[in-house]
Amino acid sequence: MDRATFACSTAFFRDYSSSSHTAFCLPTGHVDFIEKVESFTYSDFFRDYLIPNHPCIFSAKFTEGWGSRRNWVTWDGKPNFDYLLQKFGEAIVPVANCDVKEYNSNPKEQIPFKEYINYWKEHIKNDYRSSRGCLYLKDWHLSRAFPEQDVYTTPVYFTSDWLNEYWDAIGVDDYRFVYMGPKGSWTPFHADVFRSYSWSANICGRKKWLLYPPGQEEYLKDRHGNLPFDVTAPGLQDNSVYPRYTQSQPPVEILQEAGEIVFIPSGWHHQVYNLEDTISINHNWVNGCNVAIMWCFLQDELAAVQREINEWKDPMDDWHVQCQLIMKSCTGIDYKEFYNFLKVIAENRISVLENGLDDEALAKNTPKAAISTLGMLHAVFDLKRTVKVLTSLSANEDFKKLDLTSLSPPPEALLHHLKAAIDTALL
Ligand SMILES: O=C(O)CCC(=O)C(=O)O
Ligand SMILES: [Fe+2]
């Protein structure tokens, strides 16, 4: 019932979208290129890309002022190894081996940054071959480790960011990353965490992206329902292993140059290649435009866990709790934490609407300052979207089976407060 009332369908978005685009429509193979900073507003991005869930590319003008674009790159557009070593040499960084497949990903190890840079220099000298394989530094939380460094500022288009707002608030994690890899390094086929949006800016180098709109991945599954590791592998042509492959559309292909930012919409599967030695910065984020997609994804994940351990349903009296535990370890969140996530986001907005901002909050570049920058209408939009998802969550049978006494305030009270805040703001 909850699923039906909250299907991630075009209808859900249509009333919010005044653009000519249709949500989730099939691509024409063309991806819009946003050239000018001055003439492209937050509202343009919201209406034409966030709401319709369409990819786009921002020109290098959007990253012109970034410290990393000045300092991390040599005059001839290569990574400035000396500068990077001097600033980050002692850091420990996560490194994946692109030549080895472990389940549907690459094995990762933690090594000192200076060791990685030495490897990279040797790899280049050796004509991009190495006995260690092709190593790719990825998912490095550099901003968290070096907050004082002048690296980049998040473009306004990406600042309605509930994921980082929530995980910063609880101080556990964040979804802001740096990637660095030699020509030939690549990221296997995947969709992003929680089906979030992502933006990815090339500090130097070039990337090739293969993008598949939501739903296309169904045609790329093998006969057991598993997604491919490498969507370009010749094995996909084998009809007895990948029976629906011939029905799939070719991917939308993007060539991303130095300085450009790619916007990857929610739930679009993708595979990415570094065509040259490349450094990129990327964020994952969720907001009022795609939180319903995240909620659909969580329901699908729980259903998959339930199918997996269905045989234990009767013998186990805390089966529903176990399902939540497994879900949390697989996806990073469970239903009660999802409730807390929505609560933190809602309360920040209610606070801005009810109390405005003190000078301290503005000066410190806090989440509330970001909410206030986007304006009251945006805060009300966020609250309305939160009400929709919370209403669906509260009615969800799996959620209702959990012990909800620890939730404060209880869902009904939060919903009541939210609706009242929306009504007052609109008065
Ligand atoms: O740049 C890469 O190798 C992968 C980036 C990615 O998957 C993303 O930004 O969502
Ligand atoms: Fe990704």
Side-chain angles (χ1 to χ4, degrees), residues 8 23-24 27 31 45 49-58 94 96 103-106 108 136-141 143 154-155 157-167 173-179 181 185-202 207-218 220-221 227-231 251-254 256 261-274 280-301 304 327-333 337-338 341:
C8 298
F24 294 154
V31 176
F45 183 62
Y49 301 98
L50 281 179
I51 289 287
N53 208 41
H54 276 177
C56 66
I57 311 168
F58 294 79
Y103 303 100
N104 247 8
S105 146
N106 303 118
K108 261 193 186 164
Y136 192 4
L137 189 173
K138 58 201 307 190
D139 299 328
W140 180 18
H141 296 266
S143 298
T154 303
Y157 316 103
F158 315 132
T159 53
S160 175
D161 176 349
W162 299 6
L163 271 195
N164 288 301
E165 184 177 331
Y166 172 70
W167 265 277
D173 202 358
D174 74 353
Y175 293 90
R176 305 178 181 98
F177 308 102
V178 167
Y179 283 54
S185 50
W186 66 291
T187 294
F189 190 61
H190 69 283
D192 284 356
V193 58
F194 310 135
R195 299 296 179 262
S196 56
Y197 297 127
S198 86
W199 62 264
S200 176
N202 280 352
K207 282 181 196 284
K208 180 166 93 173
W209 296 76
L210 303 179
L211 303 182
Y212 290 87
Q216 280 294 306
E217 70 279 5
E218 290 308 317
L220 302 170
K221 287 179 174 169
L227 287 169
F229 174 69
D230 175 2
V231 75
V252 176
E253 199 174 304
I254 292 178
Q256 180 192 16
I261 309 173
V262 163
F263 166 61
I264 306 298
S266 231
W268 285 55
H269 282 67
H270 48 282
Q271 184 161 318
V272 192
Y273 297 90
N274 290 322
S280 63
I281 290 173
N282 98 300
H283 285 192
N284 285 107
W285 87 109
V286 166
N287 62 28
C289 306
N290 65 345
V291 66
I293 297 178
M294 175 176 179
W295 170 226
C296 288
F297 167 71
L298 295 181
Q299 290 169 84
D300 288 346
E301 286 296 288
M327 178 176 165
K328 168 128 183 160
S329 76
C330 295
T331 65
I333 196 167
E337 182 158 29
F338 184 59
F341 163 72

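Residue numbers run from 1 in the order of the sequence given.
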Aromatic centroids of Trp199 and Phe263 separated by under 6.0 Å: no
Which residues share a salt bridge (Lys or Arg N to Asp or Glu O under 4.0 Å) with Lys108, sequence neighbours left out: Asp139
Side-chain touch Pro55/Tyr49, heavy atoms, less than 4.5 angstrom: no
Non-hydrogen side-chain atoms of Val31 and Val262 separated by less than 4.5 Å: no
Side-chain (Gln256) to main-chain (Ser200) donor-acceptor, under 3.5 angstrom: yes
Those residues that, when tested against Lys208, pass side-chain contact (heavy atoms from CB on, under 4.5 Å) (two or more places apart): Leu210, Glu253, Leu255, Tyr273, Leu275
Partner set under ring-ring contact (aromatic ring centres under 6.0 Å, His included) for Tyr212, not counting sequence neighbours: Phe189
Any donor-acceptor N/O pair, Glu217 side chain to Gly215 backbone, under 3.5 Å: yes
Heavy-atom side-chain proximity of Leu298 to Met327 below 4.5 angstrom: yes
With Tyr136 via ring-ring contact (aromatic ring centres under 6.0 Å, His included) - residues at least two apart: Tyr179
Nearest non-hydrogen partners of Tyr197 and Cys289, listed with the distance: OH-CB, 3.1 Å
Side-chain donor or acceptor of Ser266 paired with backbone N/O of Arg195 under 3.5 Å: yes
Residue list, side chain to side chain donor-acceptor pair (under 3.5 Å) with Asn284, at least two apart or on another chain: Asp192, Ser196
CG-NE2 distance between Asn164 and His283, expressed to the nearest 0.5 angstrom: 6.5 Å
pair Ser160-Leu50: side-chain heavy atoms closer than 4.5 Å: no
ring-ring contact (aromatic ring centres under 6.0 Å, His included) involving Tyr157 - partner list, sequence neighbours excluded: Phe40, Phe45, Phe58, Phe62
Residues forming a side chain to side chain donor-acceptor pair (under 3.5 Å) with Asn104, sequence neighbours excluded: none
Salt bridge (Lys or Arg N to Asp or Glu O under 4.0 Å) partners of Asp174, counting only residues at least two apart: Arg144, Arg176
Phe341, Phe194, Phe338 screened by ring pair (Phe, Tyr, Trp, His ring centres under 6.0 Å) with Trp295, the one that passes: Phe338
Any side-chain heavy-atom pair of Asn202 and Ser280 under 4.5 Å: yes
ring-ring contact (aromatic ring centres under 6.0 Å, His included) against Trp209, all qualifying residues, sequence neighbours excluded: His270
Derivation and outcome, side-chain hydrogen bond (donor to acceptor under 3.5 Å, both in side chains), residues Ser185 and Asn274: CA-CA 6 Å; Ser185 50; Asn274 290 322; 2.9 Å; yes
Side chain to side chain donor-acceptor pair (under 3.5 Å) partners of Thr331, counting only residues at least two apart: none
Residues that Asn106 engages under side-chain contact (heavy atoms from CB on, under 4.5 Å), provided they are two or more places apart: Ala96, Pro188, Phe229
Qualifying residues under side-chain contact (heavy atoms from CB on, under 4.5 Å), relative to Glu337, sequence neighbours excluded: Tyr166, Trp167, Ile170, Lys328, Ile333, Asp334
Ring pair (Phe, Tyr, Trp, His ring centres under 6.0 Å) partner of Trp285, the single match among Trp162, Tyr175, Phe158: Phe158
Approximate separation, where rounding is to 0.5 Å, of Asp173 CG and His141 NE2: 5.0 Å
Distance (rounded to the nearest 0.5 Å) between Ile264 CD1 and Leu211 CG: 4.5 Å
From CE (Met294) to CG (Asn287), nearest 0.5 Å: 11.5 Å
Rounded distance (nearest 0.5 Å) linking atom CD of Glu218 with atom NE2 of His269: 8.5 Å
